[in-house]
Amino acid sequence: MALTAVKGFNDILPDESGRWQYIEQTARRVFELNGFGEIRVPVMEKTELFCRSIGDATDIVEKEMYTFTDKGGNSVTLRPEGTAGVMRAFIEHKLYAQDPISKLYYLGPMFRYERPQKGRYRQFHQIGAEITGVHDPLADAQVLNMLTTFFREIGLTEPTLQINSLGCPECRPAYRATLRSFLEERMEHLCEDCKRRFDTNPLRMLDCKVPGCIEATAGAPSVLEHLCSGCDEHFSSVRRYLDLSATPYSINSRMVRGLDYYTRTTFEMVTGLLGSQSAVAAGGRYDGLISQLGGPAIPGIGFALGLERVALLLGSQDFASLPDLFIATMGGGERDFAFSLMDGLLKAGVRVEMDYEGKSLKSQMRRADKLKARYSVVIGGDEVASGRASFKRMIDGLQTDVALTVGDIQSLIGKSE
RNA sequence: GUGGCUGUGGUGAAGCGGUUAACACGUACGACUGUGACUCGUAUAUUCGAGGGUUCGAUACCCUCCAGCCACCCCA
């Protein structure tokens with residue numbers, strides 16, 4: 001049996017990588033327009049970083065991390081998400097000392113030991129963006145606008161924005177207690193998972209899909225009605241800014257996060273097209289994270305979007321670039337001439353292909369067709385002697401006689417520099 | 001981590017105990033020895049995810065493993 005890739009780790013083949021590049025380029029363009037700069041951080045960090053940021057009791061840290069001991073005896077982990085590493089770098093290099101506000105984006109592989117499914121793999125890829133140093137809800141709105149713009153630019157209308165507020169250390173404990181006492185009375189109607197969540201993460205119970213639980217929690221108190229005045233005002237301002245920028249959204253007061261560091265604004269871009277992997281992008285505010293990691297008390301907000309899921313939503317559109325010209329040759333004698341011509345055109349930025357193996361003219365023309373070259377030309381003894389050749393426009397077969405110079409060929413195929 | 005379904009060539013698939021393992025797409029070459037697409041012809045799975053077992057005989061039945069999908073879970 002031949003060797004295969006590790007379960008949940010996938011190859012991205014050329015017919016698919018065009019789509020990935022399109023997603024990445026669109027993200028870079030939109031993010032950089034908004035003033036974000038790329039940060040590249042390692043794929044592996046000390047395990048402690050993730051325990052302290054994501055939260056010891058979360059599923060990610062408890063059972064999904066690729067953690068191992070390296071040869072020096074240190075516990076290290078393949079990053080399960082991007083924010084923690086970016087914030088570690090932010091603190092380590094004291095980026096806040098150069099500029100009180102920073103806007104960073106990153107992209108790359110993340111690793112989680114989960115059961116693979118469509119849109120969910122053990123190595124998956126995220127593009128994320130983070131703003132630090134801004135308390136003002138304007139930052140929340142900009143991030144949400146940017147995310148919305150990204151999806152619009154890429155040509156998708158499907159994922160829709162849902163927002164919520166999780167409160168802050170001031171008001172969340174009180175809400176938690178209120179929710180707990182509400183749920184306690186209905187314990188017998190709840191599923192086993194929810195009974196367990198009651199102790200670990202009662203907010204998560206609002207997100208349960210078991211019909212009995214949905215019914216039992218129908219009248220549960222909403223976070224939004226238990227926000228302190230600061231959080232309430234913040235949330236209203238976020239909504240006002242979203243309205244001002246005509247950013248469509250809906251409020252989902254039952255939306256929960258799987259990472260402990262979130263405060264106040266949280267959001268998701270959700271779709272109904274990906275089965276149970278409905279979140280295409282998600283994020284929120286994390287005002288306590290940086291100080292929790294040993295940095296100064298600087299607020300932050302950000303999101304990450306799942307590349308695989310966006311790629312899935314884009315479908316099988318073809319983003320590959322096509323050759324401008326295919327050069328066919330009659331025999332060995334003309335290949336030196338053709339090779340020089342190809343070389344000159346490539347250096348001028350024209351995408352050229354030619355036959356590599358001295359195949360029959362028919363085979364060469366078939367290949368020109370298969371590669372979807374826009375033009376083809378046959379170089380034989382006559383062409384070498386006269387310095388002119390007949391260029392065929394493949395789409396309609398129209399032939400044009402042109403001198404075999406880089407400039408003339410460029411002007412024919414409409415690809416000048 | 002739990003449950004269910006599935007696994008035949010590069011792809012989509014028929015066959016479901018004894019077949020030359022159908023058909024289509026794709027690919028290669030040719031018909032057309034200087035021009036692709038359409039058409040036609042020829043070739044293209046010693047083998048049915050892997051390993052065991054039952055059987056005179058297994059791609060088909062059984063077991064184990066592996067992989068994929070779906071739901072749960074979780075999440076991007």
Side-chain angles (χ1 to χ4, degrees), chain A residues 1-10 13 15 23 54 58-65 80-83 107-128 147 159 191-194 196-197 201 204 207-210 255-259 267-271 274-284 302-313 326-331 334 355 357 359-383 389-399:
Chain A
M1 178 69 165
L3 281 172
T4 57
V6 174
K7 180 175 185 155
F9 287 64
N10 301 123
L13 303 178
D15 61 335
I23 297 167
I54 299 169
T58 57
D59 280 16
I60 295 177
V61 171
E62 270 185 353
K63 46 199 191 198
E64 296 177 358
M65 296 205 303
E81 60 102 39
T83 303
L107 98 212
M110 307 293 161
F111 305 86
R112 256 122 96 160
Y113 192 86
E114 297 186 271
R115 180 97 170 238
Q117 229 174 285
K118 177 173 272 175
R120 183 222 263 181
Y121 308 101
R122 290 184 175 177
Q123 176 179 328
F124 61 103
H125 298 78
Q126 291 188 333
I127 306 179
L147 192 53
C191 69
E192 288 309 308
D193 283 327
C194 281
R196 179 177 50 79
R197 288 173 184 136
N201 189 354
R204 173 122 261 144
D207 201 33
C208 188
K209 282 141 200 140
V210 175
M255 189 175 75
V256 189
R257 307 278 60 218
L259 290 71
F267 52 89
E268 284 183 4
M269 296 291 295
V270 298
T271 174
L274 256 33
S276 55
Q277 314 310 320
S278 60
V280 181
F303 64 81
L305 60 93
L307 222 37
E308 282 83 357
R309 293 181 186 180
V310 175
L312 242 25
L313 288 177
F326 187 95
I327 302 176
T329 57
M330 288 311 296
E334 292 82 33
D355 168 58
E357 297 177 279
K359 297 212 171 180
S360 71
L361 183 62
K362 180 181 191 68
S363 291
Q364 295 184 61
M365 289 305 292
R366 275 185 177 156
R367 184 159 176 81
D369 186 60
K370 195 181 94 180
L371 294 174
K372 298 194 175 75
R374 290 171 53 228
Y375 283 85
S376 68
V377 66
V378 178
I379 305 290
D382 295 350
E383 284 78 9
S390 185
F391 284 73
K392 182 174 192 172
R393 189 160 70 188
M394 298 298 277
I395 193 156
D396 56 8
L398 180 77
Q399 306 224 25

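Proteins come first, then strands; the chains are lettered A, B, ... in the order of their sequence lines, and each starts at number 1.
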Closest heavy-atom pair, Ala282(A) versus Glu268(A), reported as atoms and distance to 0.1 Å, is CB-CG, 3.7 Å
Suppose we call a contact any N or O donor and acceptor under 3.5 Å apart; does that hold for the side chain of Arg204(A) and the base of rC73(B)? no
Non-neighbouring partners of Arg115(A) that pass side chain to side chain donor-acceptor pair (under 3.5 Å), sequence neighbours left out: none
What base-paired stems does RNA chain B take part in, with at least 3 consecutive Watson-Crick or G-U wobble pairs and both distances under 3.5 Å? B:1-7 with B:66-72, B:10-12 with B:23-25, B:26-31 with B:39-44, B:49-53 with B:61-65
At their closest point, which heavy atom of Met365(A) faces which heavy atom of Ser376(A), and how far apart are they? CE-OG, 3.5 Å
When only distance counts, do a donor and an acceptor, one from the side chain of Glu383(A) and one from the base of rG34(B), lie under 3.5 Å apart? yes
So, under a plain 3.5 Å distance rule, would you say the side chain of Arg120(A) forms a donor-acceptor pair with the base of rC69(B)? no
Quick one: Gln126(A) CD to rA76(B) P, roughly how many Å, whole number? 7 Å
Taking OP1 and OP2 of rA76(B), is either one under 4.0 Å from a side-chain nitrogen or oxygen of Arg257(A)? yes
Does Lys392(A) reach a base, just sugar-phosphate, or nothing at all? Heavy atoms under 4.0 Å. base
Report the residues that fulfil ring-ring contact (aromatic ring centres under 6.0 Å, His included) with Phe326(A), sequence neighbours left out, ordered by chain and then residue number. none
Could you tell me the separation between the CG atom of Asp355(A) and the C1' atom of rG34(B), rounded to a whole number of Å? 14 Å
For atom C1', what is the distance between rU2(B) and rG15(B), given to the nearest Å? 35 Å
Between rC72(B) atom P and Gln117(A) atom CD, what is the distance in whole Å? 8 Å
Rounded interatomic separation in angstrom, taking CG from Asp369(A) and C1' from rU27(B): 14 Å
Identify whether any heavy atom of Glu357(A) sits under 4.0 Å from a base atom; if not, whether one sits that close to sugar-phosphate; answer base, sugar-phosphate or nothing. nothing
Rounded interatomic separation in angstrom, taking CD1 from Ile54(A) and C1' from rC74(B): 13 Å
Using a cut-off of 4.0 Å on non-hydrogen atoms, how would the nucleic acid contact of Ala368(A) be classed: base, sugar-phosphate, or nothing? nothing
Reckon Gly283(A) touches a base, only the sugar-phosphate, or nothing at all at heavy-atom distances under 4.0 Å? nothing
On a whole-Å scale, what distance lies between the P atoms belonging to rA14(B) and rG49(B)? 14 Å
Whole-angstrom distance between rG17(B) and rC62(B), as gauged at atom P: 12 Å
Tabulate atom names and distances for all N/O pairs under 3.5 angstrom spanning the protein and nucleotides 3-6 of chain B.
| from | atom 1 | to | atom 2 | distance (Å) |
| --- | --- | --- | --- | --- |
| rG3(B) | O6 | Arg115(A) | NH2 | 3.1 |

Using the salt bridge (charged side-chain N to carboxylate O under 4.0 Å, His left out) criterion, which residues pair with Glu308(A)? Sequence neighbours excluded. none
Picking from Leu107(A), Leu305(A), Leu307(A), Asn10(A), what satisfies side chain to side chain contact (heavy atoms under 4.5 Å, CB included) with His125(A)? Leu307(A)
Protein heavy-atom contacts under 4.0 Å, written 5' to 3' over nucleotides 28-33 of chain B as B (base), S (sugar-phosphate only) or - (none), form the string SBBBB-
Position toward the 5' end of RNA chain B (nearest nucleotide), Lys63(A) or Val378(A): Val378(A)
Tell me whether Ile395(A) at atom CD1 has more than 12 heavy atoms from other residues, nucleotides or ligands lying less than 6.0 Å away. no
Taking any heavy-atom pair under 4.0 Å as a contact, classify Gly397(A): base, sugar-phosphate, or nothing. base
Mind running salt bridge (Lys or Arg N to Asp or Glu O under 4.0 Å) on Arg204(A) and Asp207(A) for me, showing each step along the way? CA-CA 5 Å; Arg204(A) 173 122 261 144; Asp207(A) 201 33; 3.7 Å; yes
I need the CZ-P distance between Arg112(A) and rC74(B), as an integer number of Å. 13 Å
